[in-house]
Amino acid sequence: MKMPRNNHRLKTDWCMVRKTCSSVRTGRPLIPSSIKQPFQDMSSIVSGHHCNWSLGGAGVQEHFLCRGRFYSNKVPCPGDNHSLPCRGLVFSTPQSLASSSCYRPSTRKYRPVLSSTVDDPRDQDDPEEDGAGDKDSSKGETGGIDSELLRENLERIVGSDDSAFSGIDLATLIRNKYGRSYDVQLIKKEFMGRNLLALNVMWKYREQRSFPLTEEEYILRLDDVANTLKCWGAVSHIRNSLEKSKERPRIGKYSCFGQWGNLFSFFLPISSNYKEQALATPAVSIANLTTLAPARLNSLDMHVRRFVLQIASGLSLRVTAIIFSRFIPNMSYNDARRQAEEQIKRLAKDPQVVPALAQHLRTAKTPNVRQLAAVLLRKKITGHWAKLPPQLKLLVKQSLIESITMEHSPPVRKASANVVSIIAKYAVPAGEWPDLLPFLFQCSQSAQEDHREVALILFSSLTETIGNAFQPHLAGLQALLLKCLQDDTSNRVRVAALKAVGSFIEFTNDGDEAIKFRQFIPSILNVARQCLSSGDEDVAIIAFEIFDELIESPAPLLGDSVKSIVQFSLEVCSSQNLESNTRHQAIQIISWLAKYKHGSLKKYNLVIPILQVMCPLLAESADADEDDDLAPDRAAAEVIDTMALNLSKHVFPTVFEFASLSSQSANPKFREASVTALGVVSEGCLELMKDKLESVLHIVLGALRDPEQMVRGAASFALGQFAEHLQPEIVSHYGSVLPCILNALEDASDEVKEKSYYALAAFCEDMGEEILPFLDPLMGKLLAALQNSPRNLQDTCMSAIGSVATAAEQAFIPYAERVLELMKSFMVLTNDEDLRSRARATELVGIVAMSAGRARMEPILLPFMEAAISGFGLEFSELREYTHGFFSNVAEIMDDSFTQYLPHVVPLAFASCNLDDGSAVDIIESDDENINGFGGVSSDDEAHDEPRVRNISVRTGVLDEKAAATQALGLFALHTKSSYAPYLEQTLKILVRHSGYFHEDVRLQAIIALKSILTAAHALFQSQNAQQEKAREMLDTVMDIYIKTMTGDDDKEVVAQACTSVADIIKDYGYAAIEPYMSQLVDATLVLLKEESACQQLEDDSDMDDDDTEHDEVLMDAVSDLLPAFAKSMGSHFAPIFANLFEPLMKFAKASRPLQDRTMVVACLAEVAQDMGAPIAGYVDRVMPLAIKELASSDATNRRNAAFCVGELCKNGGESTLKYYGDILRGLFPLFGEPEPDDAVRDNAAGAVARMIMAHPQAVPLNQVLPVFLKVLPLKEDHEESMAVYCCVSTLVLSSNQQILALVPELVNLFAQVVVSPVETAEVKAQVGRAFAHLISLYGHQMQPLLSNLSPAHASALECASQRKRLVLPALLVEG
């Protein structure tokens, strides 16, 4: 028979539950919180605090969700409020939408959009502001409003709302919550054609030395966010979320509190130039602004005094009102606030505010007022621009050009440039500003540094508004940018050019044009080096962001420049004199190259140089005052892990050499690094590590006895990684590994104990019966620890007990009662700090129940069910998640008896599935001026172009809960079948919705559960003819989802599960059920075989070759199973379809493809030949040479599948196979000998010979083959070959073949063993019985000596199997 392509599958770290229809565990072995994980998933890191893109002034940056993951198999982190994933060495909890490795519909990952520090140019007034001006407005020189009144009120025109919430309030909330002043961002993300926004509390905080913002800038940044939240009515949501959240910001995982979907580019303007404003008034700081006495303010110059109020207004209206109340005698806070609101409303209504502001931008004496005029002009111009007469439009444009040309203040120039980009958005497409681009080109070549800088700033920002207008000029622009990058006279110009390059790379979609940016790389490196040497590290980080964009581009933008980029990045990350964040950015670039351009790293021989830098970094720790998340050892481990996953055979030798040498180092940090490195690469380099497992374990087990705690802890963790990734080989070393782990459980360090429990949990779960000799001492230690350890160790201990129970199965029953009794006290905990332990205990009860079985659990189940249900009232998402897993396990063991609990548990699962995780939003198109309750005062959104956000939903950590609840619904339906009828319709609606959910964990469980729903529906409707149409509609719905998923979903495991479900449906319901979908199924299968589906679209890497391709076990094994399913259901009618699928399948059989690819093809073809029958003859000449070659494979799985394949080809291939018989027999002969170590291979070789004999007995030299053939019988392992083998033997005997009759003694012994075998079927035994009866009929009393040599049991069994037992055997036995 065909063997699974690999007899071990890598554990899929993002899968919610490791088993779907068996023991359901919602968590992997518990990873202890005390483990200082060496790396984070850098794909989720957002860098760029130095950038200041504003969306509503809130620093909103565009991102795409990355794959990584919301880990569904998360485990509680003892002693912490985080939940920890178990993949690799990642320890953060990506529970919020804006974290980790998650869903990636595009090539983007978490990173800031590269930009200059200009404001966002897509701002527009509220409808009320676009209306007619106030009738009482006095007419100034602009003809619309009183210019002097406007000048006096400039400081107040920053935006207003009816809330007192400010940046200071937000800063206080964050500081009180976390004890640190964390940065915040509003971030826009895209996935599945939808847009999301999220308020993220970032991982960097102001108290860090490397924090890029001053105290003033930080407050301004938070105030921008606060103002935006007020406009959206989200303040109370954010406040409540901060209070309830139990997470802490971590690198690559930020706390995400506000999030909504279906949003277009809806931007709010806030000035990005507060930094320059603050610096322009050194006598006044933001921090002490509200405490200034009126006398102090009065002592300032009038214009400076006005500017002080401008800054205050920038902070918040509340602060403005406070200052007004102190500056203006007898004015209360409320009066000042009311006056400011009235002035702002009146001024905002009149379009004449535009030319008035333009005039002040040009003529005001102080730069502060000119800058504020530009900021306000940017805010107001969008809503009023279309209403201005042509002459005023011309005046405004001329004023801007004059301002930019003549202005000496950099902040004013930049603010004016922002206004230009806004006007250009409307004027350039309408042909109203034909001289803009010529002006910019002229300005960029000016002798004045300021002009060149402004031109570059404009070029950069204009890509956002009129990018298409640059298309005809790209060649000239690229030459210009390159020239400016090489400007020897101005660092400011070089920096502006650097930012502009980033914008144009991101904007440029044409591959040929994008490739031209390759020539920029040397200049970018030069600028970055100059900035580093001058201490301007923030600018150097911009260079890394450009490299990031180049790496992500589908065009081959790097070429041989990758060598220079790697060299520079290695220099930076190796320099301990640089800031941690700068070094981190450099390491991140190496990580992206390893992930997306690993072929280039191989081509240019960069793998070893990178590892020679990264491996020693594992021994480096962060400074005490630095954030651990920026520690170089973590980032370096991420690089090594990524390289191992993509370049395993190039990585492992260097890493193993480093580990071998460092394990002998006198420096404990290097000894720790040695085992850390081995743990890091265990997933990617699993096959190579298995070949050197003895040597690897020697290093790690030695480290487990190291005198240093850090080394022992790292060794325990590495063992846990091995247990996860090096199956099944690692289990064969249990004799040496398990005693070492048991000793580590007695370590003096609680931290080492925690990690040892993790290693024990990971190791034991897959041991099976090998655990039995260790069961008693293991449970003795674990039960003692469970009762006497602190809470964090109790949690990891429960995880280990769960793994032991899973491995021991029924052997765990003697310990079940004690464990269940202990769990009762955990399952009633209600304190917040204990709820994670309650969750783990709930999970453990479900696992123990699987071992104990229904008979033992049913009488005592009710109290556990009641406790589990009561936990839903505690508002702890992880407890609900684990409880759904518990219900799933109980449903499996109770089967239809679980029906009694359905009314209690199904509504809970529905509630979890319907939880609002923040991906919903109300969008309205109305232009009602009171849309946000603020009238026309504070709304600066593009009212005429974009829809509005009305309500914000706050996301809590419910994604894992949704996945667990979705799985539970499927299992409830599967095990209760027709009894699930009352919930069937609503469940189907939920599953349909979740099949398109944004995250793959939930989609995966929905795809699995849909098949279970079909099973329940089939049981319900099969006896109800009236319901057949409803059953067909349900099947239509499910099949439509599966087919779309196969080609459209971008997660391989989800697609693989859809393929598996389709194959199961074909098996369960036959061809008639899937006939209407057959054409679509074949098309989808063809897309997958051609590797053209959404989940198979990888980053372009032109340097990749077949030699570096790795077998896609998760996906392609499932895809290749579809072909045999089709063949089995269609028989020979499958031939025309197979003709279209054959060549795409054979692509995987090339010699350059991985070994596993070839065995996948051989196994698939064997099964197709088995079920399609005679039409396979047309493919014999293509397939047989491949199968014969694989008979000599070094891999047992390949040999086994190849033997099965040649047998089926001979059986069904007709005369065309005869010419291969000699080669086949020569290839099979070694598989019968002693050197063949695998019984399953030998069994399949016997099956192949049997099929050859049955097909063409004359072509087989029976006198030579039969003695060898019979010698390996009976079959030892693969009893699916029994019918073919014993039918062949029986047929030869029944036909009185002389060659086999010469071997009667061997036959009698064989038949006796077969008939007593507990694993052989009655049909096989009957076949053997008939053959034995025939021997009796031929030889009669001559058989007596042979029968006398048998044991009574064997003789009796032969008598029972013989059809002539009453005629012959009794006499023979009596005589005997």
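Note that the structure is a prediction, hence the values are computed from the model and not measured.
- Under 4.0 Å is where a charged nitrogen must lie from a carboxylate oxygen, and between R1003 and D1050 at least one such pair does.
- Using a cutoff of 4.0 Å between basic side-chain nitrogens and carboxylate oxygens, K1147 and E1091 are scored as salt-bridged.
- In terms of heavy-atom proximity, A1118 sits nearest to A1056 at CB-O, 3.5 Å.
- Across all their heavy atoms, D1238 and A1240 have their closest contact at OD1-N, 2.8 Å.
- Taking the charged nitrogens against the carboxylate oxygens, D1243 and R1200 have no contact shorter than 4.0 Å, which rules out a salt bridge.
- The line from OG of S1079 to CD1 of I1137 is 8.5 Å long, rounded to the nearest 0.5 Å.
- Using a distance-only test at 3.5 Å, with no hydrogens or angles considered, a donor-acceptor pair links the side chain of N1212 to the main chain of E1208.
- Of all the heavy atoms in C1095 and V1055, the pair that sits closest is SG-CG2, 3.8 Å.
- Between V1087 and D1083, every side-chain heavy-atom pair lies at or beyond the 4.5 Å cut-off.
- With rounding to the nearest 0.5 Å, the separation of CD in Q1005 from OG in S995 is 13.0 Å.
- Summarising the geometry, atom CD belonging to Q1156 is positioned 9.0 Å from atom CG belonging to D1117; distances are rounded to the nearest 0.5 Å.
- Nearest heavy atom pair, residue F656 against residue V696, reads CE1-CG2, 3.9 Å.
- Taking the side chain as every heavy atom from C-beta outward, N1198 and L1155 approach each other to under 4.5 Å.
- Contact of the N1140 side chain with the V1082 side chain is not registered, since no non-hydrogen atoms from C-beta on lie closer than 4.5 Å.
- In the displayed structure, K1067 atom NZ is contacted under 6.0 Å by at most 12 heavy atoms of other residues, nucleotides or ligands.
- M689 approaches L726 most closely through the heavy-atom pair CB-CD2, 4.2 Å.
- Between the side chain of S1216 and the backbone N or O of G1213 there is at least one donor-acceptor pair closer than 3.5 Å.
- For Q727 (side chain) and A723 (main-chain N/O), a donor-acceptor pair under 3.5 Å exists by modelled atom type.
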* To do: Take K1052 and E1000 through the test salt bridge (Lys or Arg N to Asp or Glu O under 4.0 Å) and record every step on the way to the result.
  => CA-CA 9 Å; K1052 290 185 176 181; E1000 63 271 13; over 6 Å; no
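- The closest donor-acceptor contact from the side chain of S1129 to the backbone of F1126 lies under 3.5 Å.
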* To do: May I have the step-by-step check of side chain to side chain contact (heavy atoms under 4.5 Å, CB included) for H994 and K962, ending in yes or no?
  => CA-CA 9 Å; H994 281 184; K962 278 179 179 285; 4.3 Å; yes
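- Counting heavy atoms from C-beta outward, E724 and I730 have side chains that stay 4.5 Å or more apart.
- The distance from atom CD of E1280 to atom CG of N1244, rounded to the nearest 0.5 Å, is 9.5 Å.
- The list of ring pair (Phe, Tyr, Trp, His ring centres under 6.0 Å) pairs with a residue in residues 1131-1152, not counting sequence neighbours, reads F1134-F1138, F1138-F1142, F1138-Y1179, F1142-Y1179.
- In this structure, S1193 contributes its side chain and K1189 its backbone to no donor-acceptor pair below 3.5 Å.
- Classification of D1195 and R1199 as a salt-bridged pair fails, no side-chain N sitting under 4.0 Å from a carboxylate O.
- If you take OG on S888 and CD on Q967, they are separated by 5.0 Å, rounding to the nearest 0.5 Å.
- A distance-only check finds a donor-acceptor pair linking the side chain of R1242 to the backbone of E1236 [under 3.5 Å].
- Looking only at distances, a side-chain donor or acceptor of N646 sits under 3.5 Å from a matching main-chain atom of T642.
- The shortest distance between side-chain heavy atoms of I1008 and S1061 does not fall below 4.5 Å.
- Here the side chains of L606 and V562 are in contact, with some heavy-atom distance below 4.5 Å.
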* Asked: What do the steps show when you test I1007 against D1049 for side chain to side chain contact (heavy atoms under 4.5 Å, CB included), and what is the final call?
  -> CA-CA 11 Å; I1007 293 297; D1049 198 292; over 6 Å; no
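- The two residues P1136 and S1132 make their nearest non-hydrogen contact at CD-O, 4.5 Å.
- Side-chain N or O atoms of D641 include none that pairs as donor or acceptor with a backbone N or O of A637 at under 3.5 Å.
- No side-chain donor from either of S682 and H725 sits under 3.5 Å from a side-chain acceptor of the other.
- Within the 3.5 Å criterion, the main-chain N or O of K1011 finds a donor-acceptor partner in the side chain of Y1042.
- Within the model, atoms CE of M1184 and CG of D1223 stand 9.5 Å from one another, a figure rounded to the nearest 0.5 Å.
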* Can N1201 and M1160 be said to form a side chain to side chain contact (heavy atoms under 4.5 Å, CB included), step by step? -> CA-CA 9 Å; N1201 286 338; M1160 174 192 78; over 6 Å; no
* Yes or no on side chain to side chain contact (heavy atoms under 4.5 Å, CB included) for M1130 and D1171, after CA distance, side-chain angles and deciding distance? -> CA-CA 8 Å; M1130 299 178 70; D1171 293 311; over 6 Å; no
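- Classification of E638 and K595 as a salt-bridged pair fails, no side-chain N sitting under 4.0 Å from a carboxylate O.
- Under the 3.5 Å distance criterion, the side-chain polar atoms of Q1096 are matched with a main-chain donor or acceptor of L1088.
- In this structure, L1209 and F1204 have side chains that are not in contact, with every pair of non-hydrogen atoms separated by 4.5 Å or more.
- Annotation: side chain of M1078 is in contact with side chain of Y1071 (closest heavy-atom distance under 4.5 Å).
- Look at K690 and E729 and you find a salt bridge, because one of the NZ, NE, NH1 or NH2 atoms lies within 4.0 Å of a carboxylate O, short of that distance.
- Identified under the salt bridge (Lys or Arg N to Asp or Glu O under 4.0 Å) test for residues 1173-1182, with sequence neighbours left out: E1143-R1182, D1181-K1219.
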